[in-house]
Amino acid sequence: MIKLIVGIQWGDEGKGRASHFESKNAKIVVRATGGNNAGHTVVANGKKYKMHLLPSSIIRKNVNCIIAPGVVIDPEVLISEIEEMEKAGITITKDRFHISERAHVILPHHKKLDGLYEKLKAKKIGTTKRGIGPCYAEKCNRTGIRMFDLCNTSTLKKKIEEDLLLANTMFKQYGEELVNPEEEYELCIKCAEKLVPYICDTGSILIQADEKNENIVVEGAQALYLDLDHGDYPYVTSSNCNASGTASGAGIGPTKVDEVIGVMKAYCSRVGEGPFTTEQDNEIGDKIRELGYEYGTTTGRPRRCGWLDLVMVKNACFVCGLTSLCVNHIDTIGKLEKIKVCIGYEYKGNNIEYVPIDREYCKPIYKEFEGWETNETMTEYEKLPENAKKYIKFIEEYTKVKVQYIGIGADEKQTIVR
Ligand code: IMP
């Protein structure tokens with residue numbers, strides 16, 4: 001059984017938590033796209049773990065974890081994450097942790113370029129400045145360095161020199177200090193010492209697992225509306241983090257996928273710039289931010305907050321081919337006395353129920369709901385307050401997709417499965 005878990009808003013929906021929950025019965029968990037722009041927080045057994053590159057299920061000793069071809073890896077960040085985990089008593093051996101030799105490597109010049117591009121842009125994207133965009137750009141330009149190159153150091157120096165030609169031309173043009181290829185080479189050699197044992201052909205591991213009918217969970221990063229093709233371009237990340245892109249990044253064909261779980265919050269949040277039709281840049285947004293602790297795991301930035309936008313969710317159901325929904329933060333939003341949900345847009349004189357390319361012209365049409373209180377005893381759907389059930393039922397009616405998982409607290413135990 002292969003399950004994909006993808007974000008269907010602007011990220012930070014709680015995918016790590018959903019994936020960690022699903023991985024209980026899995027043999028393998030795969031991280032498929034993005035890089036350390038992502039931040040996953042998992043609370044298990046009262047302990048909080050924060051990850052950026054490692055799949056969140058690394059904390060389960062019986063689960064094998066893969067970083068797949070579609071990911072871009074900052075090797076220093078990955079090493080420090082492995083070391084952090086080891087300090088927390090989690091053993092990471094080459095028998096249970098595998099890095100694809102096809103994954104691309106983020107180098108210092110990518111981070112420097114990320115900063116420079118942002119500085120030069122009149123309309124800032126608000127990137128995480130982790131070098132994600134420039135690394136994917138060089139991948140497309142076919143000049144990138146892959147994890148495979150860390151295992152083949154005789155050709156590495158030449159590749160880095162070639163890769164740096166364009167970047168250094170840019171730096172020269174804009175009066176920035178040039179990046180020395182020797183320094184990037186030395187950095188790769190240093191990181192290779194620690195990472196090479198884990199680098200392999202992850203595709204054959206997945207094929208073998210599939211042949212044995214083992215459960216595989218693919219953990220998406222970012223979300224549909226940050227997707228390079230289907231998101232709010234240019235205010236997006238540089239990978240295809242929709243469901244098909246996630247499967248492709250993992251190295252899994254579409255017909256091999258059995259379930260696609262779309263993870264969303266009971267409201268919306270967004271970090272960085274870009275349109276946000278239901279944004280509440282007021283005391284309601286402030287309240288949601290405080291109640292939901294909406295601050296970035298990666299950058300610590302306060303997240304922009306607003307009401308749930310069901311037009312976006314419904315569109316995601318089709319684009320991602322969702323088989324079920326996971327709605328997190330039902331406890332958080334219920335604390336408000338009145339809750340609004342966007343069920344359509346007023347757009348250039350018409351009422352519409354799709355997401356137009358120029359959605360900055362959309363005005364939300366809302367339906368109002370009453371709040372509720374949840375507590376730890378509500379471990380089953382039937383035990384939820386009537387108002388919470390009405391809210392969830394409405395999401396199902398509107399999207400025609402079942403809400404299978406409901407998050408009513410940060411701990412993985414506070415997940416209702418229907
Ligand atoms: P980049 O991925 O660093 O290039 O940033 C591009 C946009 O995606 C920015 O608006 C970021 O804030 C946003 N972004 C990237 N990764 C995440 C994530 O994991 N959660 C939420 N927003 C993200």
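Atoms within each ligand, like the ligands themselves, are counted from 1 in listed order. Because only heavy atoms are used, hydrogens play no part in the values below, and waters and symmetry mates are left out as well, while side chains stay in.
- The nearest protein atom to atom 3 (O) of ligand 1, hydrogens excluded, is given as Thr128 OG1, 2.5 Å; this is a heavy-atom distance.
- Those atoms of ligand 1 that come under 4.0 Å of a heavy atom in Gly272, given as number and element, are 10 (O).
- Distances shorter than 4.0 angstrom do not occur between any heavy atom of Arg270 and any atom of ligand 1.
- Taking the six-membered ring where tryptophan is involved, the planes of Tyr354 and Tyr347 are perpendicular, since the angle between them exceeds 60° and thus also 30°.
- Not a single heavy atom of Asp114 sits closer than 4.0 Å to an atom of ligand 1.
- A donor-acceptor pair shorter than 3.5 Å cannot be found between the side chains of Glu182 and Asn180.
- The protein heavy-atom contact nearest to atom 12 (O) of ligand 1 is Arg301 NH2, 3.0 Å.
- Counting only N and O atoms by type, the side chains of Asp114 and Thr127 include a donor and acceptor under 3.5 Å apart.
- Not one N or O on the side chain of Asn240 forms a donor-acceptor pair closer than 3.5 Å with the backbone of Gly245.
- The side-chain contact (heavy atoms from CB on, under 4.5 Å) search around Ser324 returns Ile261, Gln404, Tyr405, not counting sequence neighbours.
- Summary of contacts: the protein heavy atom closest to atom 8 (O) of ligand 1 is Leu226 CD2, 3.6 Å.
- In summary, the side chains of Ser269 and Lys265 do present a donor paired with an acceptor at a separation below 3.5 Å, with no hydrogens or angles considered.
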Going through the distances and angles, do Arg303 and Glu294 end up as a salt bridge (charged side-chain N to carboxylate O under 4.0 Å, His left out)? CA-CA 5 Å; Arg303 296 178 186 142; Glu294 293 295 346; 2.7 Å; yes
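- In this comparison of Val72, Thr127, Asn37, Asn36, the heavy atom closest to atom 5 (O) of ligand 1 sits on Thr127.
- Judged by distance alone, the side chain of Lys139 and the main-chain N or O of Gly144 form no donor-acceptor pair under 3.5 Å.
- Look at Arg130 and you'll find every heavy atom at least 4.0 Å from all atoms of ligand 1.
- Closest protein heavy atom to atom 9 (C) of ligand 1: Gly126 O, 3.2 Å.
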Please tabulate, for side-chain N and O atoms in residues 63-78, each donor-acceptor pair with protein atoms closer than 3.5 Å (sequence neighbours left out).
unit_1 : atom_1 : unit_2 : atom_2 : d
Asp74  : OD1    : Glu76  : N      : 3.2
Asp74  : OD2    : Lys111 : NZ     : 2.8

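- In terms of protein heavy-atom proximity, atom 7 (C) of ligand 1 is closest to Val236 O, 3.8 Å.
- A side-chain donor-acceptor contact under 3.5 Å links Tyr295 and Glu290.
- Contact atoms of ligand 1 toward Val271: 10 (O), 12 (O), 21 (C), 22 (N) (distance under 4.0 Å to a heavy atom of the residue).
- For Glu118, no heavy-atom contact with ligand 1 is shorter than 4.0 Å.
- Proximity to Asp12 (heavy-atom distance under 4.0 Å) selects the following atoms of ligand 1: 20 (N), 21 (C).
- Set against the non-hydrogen atoms of Trp10, the atoms of ligand 1 under 4.0 Å away are 21 (C), 22 (N).
- Distance from atom 16 (N) of ligand 1 to its nearest protein heavy atom, with residue and atom name: Gln222 NE2, 3.1 Å.
- Scanning the protein heavy atoms around atom 2 (O) of ligand 1, the nearest turns out to be Thr237 OG1, 2.6 Å.
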